[in-house]
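As a basis for the values below, the full set of heavy atoms in this structure was taken, side chains included, without hydrogen atoms, waters or symmetry mates.
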Amino acid sequence: MADPIRWTRYRWQQLMSTEGREEGGGGSSNSSNKCYQATKTIGKHRIVIPCLGHFKEEYEKVSKLYMNNKIRTTKYTLLNFIPRNLFEQFHRVANLYFLFLVVLNWVPLVEAFQKEITMLPLIAVLTIIALKDGLEDYSKYKMDKQINNLLTKVYSRKEKKYIDEHWKNVNVGDFIRLSCNEIIPADMVLLYSSDLDGICYIETAGLDGETNLKQRQVVRGYSEQVSEIDPEKFSGRIECESPNDDLNHFRGFVENSSKDRVGLSKENLLLRGCTVRNTEAVVGIVVYAGHETKAMLNNSGVHYKRSKLERKVNSDILWCVLLLILMCLTGAIGHGIWLSRYSEIPFFNIPEPDGKSISPVLAGFNMFWTMIILLQVLIPISLYVSIEIVKLGQIYLIQNDIDFYHEKTDSTIQCRALNIPEDLGQIQYVFTDKTGTLTENKMVFRRCSIAGQEYCHEENGKMLNLCYSSPFSFLKGTSSTDEDGPVWGFQGLYPNSLHISSLSYQESEDVISKLALETVYITDFFLALAICNTVVVSIPNQPRQKVGRRSLLGRMPIKSLEEIRQMFQRLSVRRLSSSPLPSIKESSSENPNSFVSKLSIFRMKLASPALDGAAKSVAEPRNPDSPENPQLPKEHCTVNVAAGCETHSTESSFEWSPLPKLCYEAESPDEAALVHAAKAYKCILHSRTPDQVTVDFAGLGSLTFQLLHILPFDSVRKRMSVVVRHPVSKQVVVYTKGADSVMMDLLGTASEEMEQKNIKERTQKHLDDYARKGLRTLCIAKKVMSDEEYAEWLNNHFLAETSIDNREELLLESAIRLETKLTLLGATGIEDRLQDGVPDTIQALRKAGIKIWMLTGDKRETAVNIAYACKLLEPDDRIFTLKSQSRDACAVMMNNILECMQKNTSDQKKGNQKLGNVSASPSIQAHGFSAGLVIDGRTLEHVLQDNLQNIFLELTEKCRAVVCCQATPLQKSVLVRLVRNKLKAMTLAVGDGANDVSMIQVADTGVGILGQEGMQAVMASDFAISQFRHLRKLLLVHGHWCYTRLTNMVLYFFYKNVAYVNLLFWYQFFCGFSGTSMTDYWILIFFNLLFTSVPPIIYGVLDKDVSAEILIQIPQLYMMSQKSVAYLPSTFWITLLDAFYQSLACFFVPYFTYSGSDTDIFSFGNPINTAALFIILFHLLIECKSVTWIHTVVIVGSILFYFIFALAFGATYRTHNPLSNPYRIMEKQMADPVFYLVCLLTTCVALLPRYFLRALLGTLFPSPVLKAKQLDKLIHKEKREAIKKWKDERLVSCRMELQVTSGSSSSAIGTVLKEESINSVLPASRIPFHACSREELVEEEPGNRNILNSEKTAFLNSKRTDSDN
């Protein structure tokens, strides 16, 4: 083991022994089989005892508290399926209502139907849902059985070897041995790996969908074992945290028999469901099993959300209940009045056994309950089942839409929530992440600033077309011109004296020292890029095989390495103060070739004697035509990363062996971009082990850094650090990279040197410039520690690592103590390009009336630049930047902005009145109606307080777009919840990373992007798409269709039930409100259950009011579903009134036809029932916007099925009551022409008013949807012209509406406070508004604004052109 590690372990043992003496006065070293005393933590922590003989008593005592590894994800068992399923189904109020009716019908006094008939609808619904639940649960049962019976190697204390055992028989404390490509059966602490470095590689695709490899490390103290660990010799106990669902943290420690403790973290834990890769064998001890594993605790199953439409349907059903009660009260009162009119007891009123008759009041009370049973169909019990079926059909159509297929990722849309597709049609707010959602999340290294000097780069246009595993295929510098003409491409950091003139070596020693000083910065900068990460290095042709540790010292003379060490010693930190950096011009950037000259001069000056000769030979002028100086092709110096070839000059004094092609697997695209950039500059990350990182550095050879600690990135610190021991200087060096918002505050104190201050100022300017160009920025810094400083920090850090309680807080404090007084090395600018179709999608969503907020963690300038590029902000928008350091100042700011908006609105009203017909002047209308708000994370902390929430929401409602930058994941979710709850708006959140999960879960609809940051967002979402542009069709087309179809079907269900039930109600006026029916009970029940149930389902799945093409081209049509035009309260009541009218026509036309005849009750009821069937089905045809052959088949099939059933039922039915015998009723009436005439006349009288009203409204007052539907009938050229004309008309009308309602419009004028300014994030020459003081508001002149807008438009167009090129 390396010396620092031994020293660390020795110091740790000393520390623990000291603590033991202080606590217990020299604790005794008991034998390993003594009972472990941990009663104080047994309830809060978990103690894991090995399943071995010498731990038998303890193991049996502790293991009873823990679960075994058998899992069961099923909800039911064979015994409890029926009772539990019924219990869950009766949680629905509708099912309880119908159960109440079934029980009520068993009471003789109020019986309306036969008992069996009343039970049929409820039994049918319960059976269908039970079968669905049973089939789903059975599939889970089969999967559980398959998983539980998988085999793994478990150590048997009886046989003293590893044996095959089923997963379900694994217990906490068992030793498990796994081979390569085996799945981990339980959460286990890694104690042995066949890898020499104690590393195990796992693939976590089973947990989060990520296929890139993760490293896990053997517990410290066990990685030095040469042979496999023997479970019988294991004498440690593990104490860890209780089971929880946190996949990113694990706390605990291993205590050996000598009472030495070794801390445990997530790096030592192998999680259930992951797969072992690249490791021949691993051994671990189980700490969590079965349902206590982190994977099972995170498996919450399919999440359920209630849609807005479902909540509205529930409220409308309550109206139907009130209507039912009113009708029943009418029947009860009517029955009592009808009985009271008889002076004597009527013959049909059977007296009680004691001879007394029931009073009219009591008879009316009993009739109330009888009427409830009779009119029960008014409450649509089948509606819930039909809605579920329709939603499944809509989900099927969405998932099979070919437009959602993305060829590059070979993925299509995933519908993970099956019960909210209609919510897609009512979205009012979209909250979107930036990186990976609006952008590709494929990072391209564009620019960098080192020691205050900026270097620009140009990438080849073919770069992004290559595989993402090598995103930096061709990296070349800007053109530089010399005497021979322009030279393209750049050389590596150490190109072995290419393009070095003889004058370079005649410079003074002072110039050389300046160049050498900057060389130190450049060297450390690229070392930090290569080292400060968690990238796994592998070989492309064997992508799952890591690159092993190997010595590369043969690539260059050993002697030169020793001289390089002396060079670092001479150029220590204390020399920085005596060697000022050369002046730097802010207006220009250096060519990357300047790296070459500076580093080459430095290398030649300090090279070994063996290299001096080569240096002299290069420095001496030569004849270009001389054979000793052959002309090299210019392409020889170009770096081709994708091909893996690093070429070098033939003038080198020694030969370099070719490097193998390397493949980098990074946890984030940013890390991959930086490592590839370092590789392009010949600083190549070659291999990584738990304790070493090897870098091939051109000019320095192979450098192996001892890796002491990795402090990973987190959202609180917003940075990452690695602690290494430098192979040359032997010093402890901390390399840190992170966001400039936090890194700049961590630099040296007030006593910092002047050069560092200058570097900081120049770097900050470069960072601001990068952000304005839309680049992602990172700061790179370092810190050199003495051994004493490192030892002091290490003691505290190990205490934090081995603690279980408050471990995260202690580790955070430890990291903060380390990351102070840093030396700034430079900064990077990385480009993240927009995805295809993002600007068009955002523009379409905004035309659809959807407000879009961008919530990102990036800098303000970067976020706003991307907002302009994707058309979230327009050139005509007025931008307000809300930035303050206190809550009071924030409140004053927002009030001032609102006052300015109101004043501007009133001024604009006066101006419009003077202008007269402003609608004819689009240029005038375009101004003053849109504003954008930019707010940062620190200000959000004040805004989200309770007393500022209302004014903030009022401000955002007046803005057409909001950009929240530097926001944390928690702030994102709080913003979404705030808008959803306070504004009662339908929200949609879309993101691609783990930091977006919280807002995705909070929103009404969550959408995950299948991007580069894993599957966490997808697994938490309701819908998953591969590109942001797919959101356009998902909302504008499928959202509109789903909502329109489902609302029309729900309204149709209410109409159908009310119309049919009213037929029974009208009949009560002619039968003394006796609760009898003119239709047989079986026909009555089956009418809604069978004869008219399938057509509305087909209607809800396949109806199409407007084609997808028109919905895409005219996004304004989305407002119809967004504003619930199809399901307004007035629409509901009009539907019920129409149902009442149609029921009147359906009842009284046959009534007057057969009035005075001797027809019996069923002969009278049969034409009413038949006419009702035609009316209800033909009503559906009137409402259908597109009739397909499926509609025709279903409707014709329903009619035929009704007649066949009625004929068969009448032919087989027998009864002992001839007055109500339906025997051959249908057969007799089908032979009577009057029957057909009654059905035809009744259908026409009932449907003609609705038909004529639809025709009249469609002709005189066509809706936008109807107008758009007419466009589908035109030919292509006419359709295109009609769409353009339609858009122009809608634009004028919208402008008129904005003019009228400008009081609540999003017009604004920019202001700035004296105390805290509200600055535009654009450059000063492109600010789209003038600043006005707090006391005086200055209105902007239209002419100046036009100039500014045109200038900004040209600027943005040039930016887009550059990005396209």
Side-chain angles (χ1 to χ4, degrees), residues 394 397-398 401-404 422 424-427 837 839-850 919 922 1029-1049 1099-1128 1131 1180-1192 1250-1297:
Q394 292 175 347
L397 294 178
I398 293 175
D401 191 335
I402 192 65
D403 291 338
F404 290 128
E422 68 273 19
L424 295 172
Q426 293 193 284
I427 301 300
D840 294 337
T841 300
I842 289 181
Q843 214 167 29
L845 294 181
R846 296 181 66 168
K847 289 179 180 178
I850 299 174
S919 62
R1029 69 173 184 268
H1030 293 161
L1031 202 62
R1032 182 179 185 181
K1033 187 172 186 180
L1034 182 63
L1035 296 183
L1036 302 186
V1037 178
H1038 288 285
H1040 174 87
W1041 282 348
C1042 289
Y1043 178 78
T1044 304
R1045 290 165 174 171
L1046 206 55
T1047 53
N1048 290 338
M1049 190 206 74
Y1099 173 52
V1101 174
L1102 299 179
D1103 193 41
K1104 187 184 298 184
D1105 55 351
V1106 186
S1107 67
E1109 179 186 1
I1110 299 299
L1111 289 173
I1112 289 291
Q1113 295 184 15
I1114 309 178
Q1116 292 84 353
L1117 294 174
Y1118 183 80
M1119 295 182 186
M1120 304 300 291
S1121 61
Q1122 185 188 55
K1123 297 177 181 178
S1124 303
V1125 174
Y1127 198 179
L1128 297 173
T1131 309
L1180 182 63
L1181 286 178
I1182 294 175
E1183 294 300 311
C1184 280
K1185 308 302 186 298
S1186 59
V1187 179
T1188 64
W1189 65 270
I1190 301 178
H1191 291 78
T1192 306
R1250 169 169 284 271
Y1251 182 79
F1252 281 125
L1253 184 63
R1254 289 288 187 190
L1256 186 65
L1257 291 177
T1259 303
L1260 301 180
F1261 310 102
S1263 65
V1265 173
L1266 187 59
K1267 286 182 179 180
K1269 184 175 178 58
Q1270 300 300 323
L1271 300 178
D1272 286 326
K1273 302 177 181 179
L1274 303 177
I1275 61 177
H1276 181 70
K1277 184 177 181 181
E1278 295 177 350
K1279 182 192 296 185
R1280 186 172 53 192
E1281 295 176 354
I1283 291 175
K1284 185 177 183 301
K1285 182 179 179 181
W1286 193 91
K1287 289 181 178 179
D1288 294 340
E1289 292 176 355
R1290 294 294 299 173
L1291 183 61
V1292 172
S1293 63
C1294 288
R1295 285 171 176 165
M1296 293 295 292
E1297 292 175 3

Inset, instruction - Can you sort out the partners of Asp840 under side-chain hydrogen bond (donor to acceptor under 3.5 Å, both in side chains), two or more places apart, ordered by chain and number? - result: none
Are [X] and [Y] side-chain neighbours, meaning at least one heavy-atom pair lies under 4.5 Å?
X: Asp1103; Y: Trp1041; value: no
X: Lys1033; Y: Ile1112; value: yes
X: Ile1114; Y: Leu1036; value: no
X: Glu1183; Y: Asn1048; value: no

Rounded distance (nearest 0.5 Å) linking atom [atom1] of [X] with atom [atom2] of [Y]:
X: Leu1180; Y: Met1049; atom1: CG; atom2: CE; result: 11.0 Å
X: Ile1110; Y: His1040; atom1: CD1; atom2: NE2; result: 11.5 Å
X: Ile850; Y: Met1119; atom1: CD1; atom2: CE; result: 9.0 Å

Legend entry - side-chain contact (heavy atoms from CB on, under 4.5 Å), paired with Cys1042, selected from Val1101, Leu397, Ile398, Leu424: Ile398
Legend entry - Candidates Leu1034, Thr841, Asp403 - the one meeting side-chain contact (heavy atoms from CB on, under 4.5 Å) with Arg1029: Thr841
For [Y], is there any backbone N or O sitting under 3.5 Å from a side-chain donor or acceptor partner on [X]?
X: Tyr1043; Y: Ala1126; value: no
X: Gln394; Y: Gly1100; value: yes
X: Gln1122; Y: Gly849; value: yes
X: Thr1047; Y: Tyr1127; value: no

How close do [X] and [Y] get, heavy atom to heavy atom, and via which atoms?
X: Leu1102; Y: His1191; answer: CB-CE1, 3.9 Å
X: Pro1115; Y: Ala844; answer: CB-O, 3.2 Å
X: Cys1184; Y: Tyr1099; answer: SG-CD1, 3.5 Å

Inset, instruction - Run the numbers on Thr1044 and Met1120 for side-chain contact (heavy atoms from CB on, under 4.5 Å), then give the verdict. - result: CA-CA 9 Å; Thr1044 304; Met1120 304 300 291; over 6 Å; no
Do any side-chain atoms of residues 1256-1266 form donor-acceptor pairs under 3.5 angstrom with protein atoms, and if so which ones, sequence neighbours left out?
| from | atom 1 | to | atom 2 | distance (Å) |
| --- | --- | --- | --- | --- |
| Thr1259 | OG1 | Ala1255 | O | 2.7 |
| Ser1263 | OG | Leu1266 | N | 3.2 |

Inset, instruction - Inspect the surroundings of NZ in Lys1185 and state if more than 12 heavy atoms from other residues, nucleotides or ligands are less than 6.0 Å away. - result: yes
Inset, instruction - Give the ring-plane orientation class for His1030 versus Phe404, where under 30° counts as parallel, over 60° as perpendicular and anything between as tilted. - result: perpendicular
